[in-house]
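Note that the coordinates shown come from a computational prediction; the quantities given were computed from them, not determined experimentally. Residue numbers begin at 1 in each chain, while the letters A, B, ... track the order of the sequences. For the numbers below, each heavy atom of this structure counts, side chains included, while hydrogens, waters and symmetry mates do not.
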Number of protein chains: 2
Amino acid sequence: MGTIYDLAKMTGFSITTVSKALNNYSDVSEKTKAKIVQAAAEMGYLPNAHAQSLSTKRSWTIGVMFSEAHGVGMMHPFFNAIIESFRKATEQQGYDLIFASRNLRNRDMSYLEHFRHRAVDGIVVICSDQMDQHVQELIQSTIPIVVVDMDSADCSVVYSDNITGGTLAINHLHELGHRLIAHIAGDTSTDAGRARIEGYQQAMEQLDLPIPDGYLVNGGFFSGEEGKRAMNELLALPERPTAVFVAGDEMAIGAIEAIHEAGLQIPEDISVVGYDDIYVAKYITPKLTTVRQDTETIGQHAASVLIEQIVNKKRVTTRDVIPVNLMVRQSTGPVPE
Amino acid sequence: MGTIYDLAKMTGFSITTVSKALNNYSDVSEKTKAKIVQAAAEMGYLPNAHAQSLSTKRSWTIGVMFSEAHGVGMMHPFFNAIIESFRKATEQQGYDLIFASRNLRNRDMSYLEHFRHRAVDGIVVICSDQMDQHVQELIQSTIPIVVVDMDSADCSVVYSDNITGGTLAINHLHELGHRLIAHIAGDTSTDAGRARIEGYQQAMEQLDLPIPDGYLVNGGFFSGEEGKRAMNELLALPERPTAVFVAGDEMAIGAIEAIHEAGLQIPEDISVVGYDDIYVAKYITPKLTTVRQDTETIGQHAASVLIEQIVNKKRVTTRDVIPVNLMVRQSTGPVPE
DNA sequence: CATTTCACCGAAAGCGCTTTCGATAAATTT
DNA sequence: AAATTTATCGAAAGCGCTTTCGGTGAAATG
């Protein structure tokens, strides 16, 4: 503890000089700089971030907002991996992350209001719901922002190449001989959900494969429960698919459960390919074939495009589509005879 | 945007009165309060948090530190679930969470220093490594603190009843007829790892079961890889266990993979019980029997004990041990003949 | 030697807010 | 009617820091 005044008294210099010394101004002699820096170290002096922010109008904080749309909060492994990567990248530049709520001492307020209150330097939002009012409000504001996993023309975005992801999965299944390929989709209110459907449809058309009625089933918001339910719908179909492309790994794991409960084998009876490549994907039985999203680069790119805006004090709107790749493991195999 | 000065000018009152009105002081008439509040709403006025903190010495922020010991960061599902619950509880009281790094504009500093710099009101640390220097430094400081998943005599702690968790698992296996029960342990540098070993050993002794050489194998830091490796060691033993208690779910999933690769069935040949009950536990094949940690209550309790300290401006040292319970699913079954 | 330049330092204002304390006018009491 | 209380407001100091701008003495220049 101790303020800049204490340091000034201790060293005999004015607070002006102390501040300059600490900030490495050129109009302070090396000798006094050294004295001051050492004294600071001795007394364990640390500048008060609030005072600094107040006077510089720069807080070195980045506000993060998770879409709480479906109560996943910060628990979804995919979102999480991204934020972790984002955090590493931004902390290297000296920024701290702040998770703001919509509650300011029991006063209800929007995220934008809260972020303005906290005077964050920039905002990262991880959200897949186009319609989220709070997100739209953030996007329309003047604060530097980057949004992940969603598209928008009004701000910088970074997300996976989900269309290619879909085609990758379908082509892989096609090469294994599958012709009856279903898709358990993410909700169409999400960009990711829609793009993967798009990829599925494009690939099927390209391959001249029909999409039978009921082969495109909505799996909702990527949960295990919904994946299971959706798979059961597929299993009840008159012409059962031999392969299914699932728009999320947790959903895929739910689907696998359904398949097993129906007494069927994977991949002998049905092949399944997931999406995301969450941590456990390669450990479960059968090891999950899945489209891997590069959370590492997504986080890094998001960080750099945000920081660039902050540094240049200028909002930009870029679109950064990150490649995905297929991890072939053991949940897919040749089509059954 | 706009400051309190603008509001003052706009309403014709002094900034003193404006501030008081906004903070609901009693020496401002209801009439002028109403005027000011409305004007504030009209111009979208929001108080600057930094200025407030500077003058009140209260920042309404809580610093969170994850033990980065083994590079898991905020990605581990168990830690994550806790933080999510903690976040919900604290945000209801008006606090924001800040994830600080050890990097302050390319100056290296400790977490304590960083938190002091940011002037957080309290700290939550989620860590299992007793020896972490940074954590010890935090604990010895004067800032209100709560640590999760670790024991300490010098601060408030909240963690699961891991000893009971261990005995729960062993007793369950014993009831199923198992006598050859091994344990893939978490590293003994972690409290959780040690306590679960303790529970294992206590239960085995209680049941008069010997622990053969090699039946207690270190699984390191709870990763899938290490679980797999440890399981392979067990499989190579002259007398193979019929059941294994694994100190973490991800580790258990790795162990399951090893068992399957050895051509053995679960639970027919070997039963396995995990620890944590992570999200996917109930979806994988076979559905994992596991000791469930109550992340919800852990987070809530951590929040309330921290906030209590903040409000009372007085550090307390409490120990809050949260009960666990066994989720019996399909990875455990009767001992093979 | 007079003048300009340069290196180094500090006074002071300002960032946006809270809070103490005193001032004033109105209301109440004697 | 005088004295006291009450209700309402504002001046000013302070929170800890940055930054502009001016000042001083020493060194460099003519």
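For the helix from C:dC1-D:dG30 to C:dT30-D:dA1, the terminal axes (five pairs an end, C1' atoms, rotation from four pairs onto the next four) enclose an angle of 50°, given to 10 degrees.
A:S19 comes within 4.0 angstrom of a nucleotide base, judged by non-hydrogen atoms across all strands. At a threshold of 4.0 angstrom between heavy atoms, the contacts of B:Y5 include nucleobase atoms, whether or not backbone atoms are also involved.
With respect to B:E84 and B:R87, a salt bridge is recorded, a charged nitrogen being found less than 4.0 Å from a carboxylate O.
Classified by interplanar angle (parallel below 30°, tilted 30° to 60°, perpendicular above 60°), the ring pair A:F115/A:Y111 is tilted. Taking the six-membered ring for Trp and thresholds of 30 and 60 degrees, B:H76 and B:F78 have ring planes more than 60 degrees apart, a perpendicular arrangement.
Defined by atom type and a distance below 3.5 Å, a donor-acceptor pair is present between the side-chain atoms of A:Q293 and A:S160. For the residue pair B:E42 / B:Q38, a side-chain donor-acceptor distance below 3.5 Å is found, with atom types taken as modelled. B:T295 and B:S85 are not linked by any side-chain donor-acceptor pair at a separation below 3.5 angstrom, with hydrogens and angles left out of the test.
Put simply, chain A comes within 4.0 Å of DNA chain D, heavy atom to any atom, from D:dG16 to D:dC21, going 5' to 3'.
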Report, one pair per line, the protein and nucleotides 8-10 of chain C atoms (nitrogen or oxygen only) whose separation is under 3.5 Å.
residue: C:dC9; atom: OP2; partner: A:S29; partner atom: N; Å: 2.9
residue: C:dC9; atom: OP2; partner: A:S29; partner atom: OG; Å: 3.4
residue: C:dC9; atom: OP2; partner: A:T32; partner atom: OG1; Å: 3.2
residue: C:dC9; atom: N4; partner: A:D27; partner atom: OD2; Å: 2.9
residue: C:dG10; atom: OP2; partner: A:S14; partner atom: N; Å: 3.1
residue: C:dG10; atom: OP2; partner: A:S14; partner atom: OG; Å: 3.2
residue: C:dG10; atom: OP2; partner: A:T17; partner atom: OG1; Å: 2.6
residue: C:dG10; atom: O6; partner: A:K20; partner atom: NZ; Å: 2.3

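Judged purely by atom type and a 3.5 angstrom limit, A:H50 has no side-chain atom pairing as donor or acceptor with the backbone of B:A51.
For the atom pair CG of B:D149 and CD1 of B:I322, the computed distance is 11.5 Å after rounding to the nearest 0.5 Å.
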